[in-house]
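The chains referred to below are lettered A, B, ... by the order of the sequence lines, with proteins before strands, and numbering in each begins at 1. The figures here come from the full heavy-atom set of this structure, side chains too, leaving out hydrogens, waters and symmetry mates.
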Amino acid sequence: MQVRINGQFRSFQGPTTIEGLLEDLGYRNHFVAVALNQQCIPKQQFQEKLVKDQDEIEILAPMAGG
Amino acid sequence: MWTLADRSIESRLFLGTARYPSPEVLQHSIKASGTNVVTVSLRRESAQQNTGNRFWDYLRQTGCHILPNTAGCLSVREAILTAHMSRELFQTNWIKLEVIGNDDTLQPDPFGTVEAARILCSEGFEVFPYTTDDLVVAEKLLSVGCRIIMPWGSPIGSGQGLRNIEALQTLRHRLPEATLVVDAGIGRPSHAAQALEMGYDAVLVNTAVALAHDPVRMAQAFGAAVEAGRLGYEAGMMQPSSRAQASSPTVGLPFWHQEGAH
């Protein structure tokens with residue numbers, strides 16, 4: 001399946017969860033927030049939330065800001 | 001000590017965390033400033049970068065309250081999603097709301113800001129809205145649930161200081177219950193002192209410290225400036241006069257000032 005991650009399409013073996021996808025991408029133990037199709041997903045839902053073909057995911061981390 | 005959104009804090013300086021020469025300089029600047037509130041943003045990160053973890057570790061060590069922002073958001077929807085993600089990540093209901101209306105001037109979109117503030121306040125956020133010095137917009141923000149208003153002094157990062165003193169004074173006079181924080185455009189410590197002398201509760205400074213030749217000393221200077229400004233405000237300042245008034249007493253002047261003396 002094709003999933004758009006931070007603006008770029010990536011191919012994955014589906015179905016998977018947000019947790020599985022973060023693992024695959026190398027985000028394990030990263031301090032990040034995740035949105036699925038423009039909805040913020042609480043961390044406790046990462047294990048169960050399924051990612052589908054053509055979904056859009058944003059992975060955001062803390063950054064310096066004013 | 002003073003109260004900011006139900007939390008007791010000491011400093012009246014909020015410090016932005018961007019554009020410092022290094023994370024170490026940022027850390028030393030935060031300490032030298034005496035600030036209790038630092039701002040942070042959210043950005044995309046690739047798995048290989050992993051800079052977010054390190055940055056977050058630096059910030060946590062400061063012990064400051066974290067004020068996440070929605071910088072760069074151009075719509076209500078983007079700002080609300082960013083606020084939700086910030087709350088999830090930083091475990092705080094504080095959000096510095098920025099809905100930018102013009103990419104060149106970074107002027108806030110007042111309509112989008114009020115709408116986003118309405119939604120976020122109804123969801124339990126403590127919204128710190130970045131706005132202009134317009135009284136009506138500030139009143140609308142208060143009416144939708146904001147307790148804090150953050151008007152600009154001048155455009156973000158411009159260092160021009162308080163460009164419209166009268167408008168800022170009007171906000172202070174007309175909104176005595178609101179917590180007022182000058183957000184943008186402060187370029188030097190005297191600008192910060194000026195805002196505090198006017199009765200503003202605090203200022204948020206970033207670029208003026210980060211781009212100084214010596215950011216750590218500048219951070220210290222800003223810490224001292226807000227303290228001086230606030231003390232001056234609390235002490236009650238004299239009203240300016242159009243005429244000179246001798247400060248030395250006129251009674252007992254020596255003989256050569258007396259009429260008819262030669």
Task: Portion of B:Gln49 that has a non-hydrogen atom of chain A nearer than 4.5 angstrom - done: neither
Task: Among B:Ser46, B:Ser86, B:Ala71, B:Pro68, residue most engaged with chain A (heavy-atom pairs, under 4.5 Å) - done: B:Ser46
TODO: Can you establish whether the number of heavy atoms outside A:Arg10 located under 6.0 Å from its atom CZ is more than 12?
DONE: no
Task: Heavy-atom contacts under 4.5 Å, residues 41-64 of chain A to chain B - done: A:Ile41, A:Pro42, A:Lys43, A:Gln44, A:Glu58, A:Ile59, A:Leu60, A:Ala61, A:Pro62, A:Met63, A:Ala64
TODO: Can you see which heavy atom on A:Gly66 is nearest to which on B:Lys96, and at what distance?
DONE: O-NZ, 3.2 Å
TODO: Search all heavy atoms of B:Leu89 against all heavy atoms of A:Phe31 and return the closest pair with its distance.
DONE: O-CZ, 3.3 Å
Task: Crowding at CD, B:Gln91 (>12 non-hydrogen neighbours, <6.0 Å) - done: yes
Open item on the list: On a heavy-atom basis, which atom in B:Ser41 and which in A:Gly65 lie closest, and how many Å separate them?
Closed with: OG-CA, 3.8 Å
Task: A:Glu23, CD: over 12 other non-hydrogen atoms inside 6.0 angstrom - done: yes
Open item on the list: Between B:Asn50 and A:His30 (side chain of the first, backbone of the second, donor and acceptor by atom type, cut-off under 3.5 Å), is there such a pair?
Closed with: no
Task: Enclosure of B:Arg43 CZ (heavy-atom neighbours >12, cutoff 6.0 Å) - done: yes
- [ ] Under 4.5 Å heavy-atom distance to chain A, tell me which part of B:Arg77 shows up: side chain, backbone, both or neither.
- [x] side chain
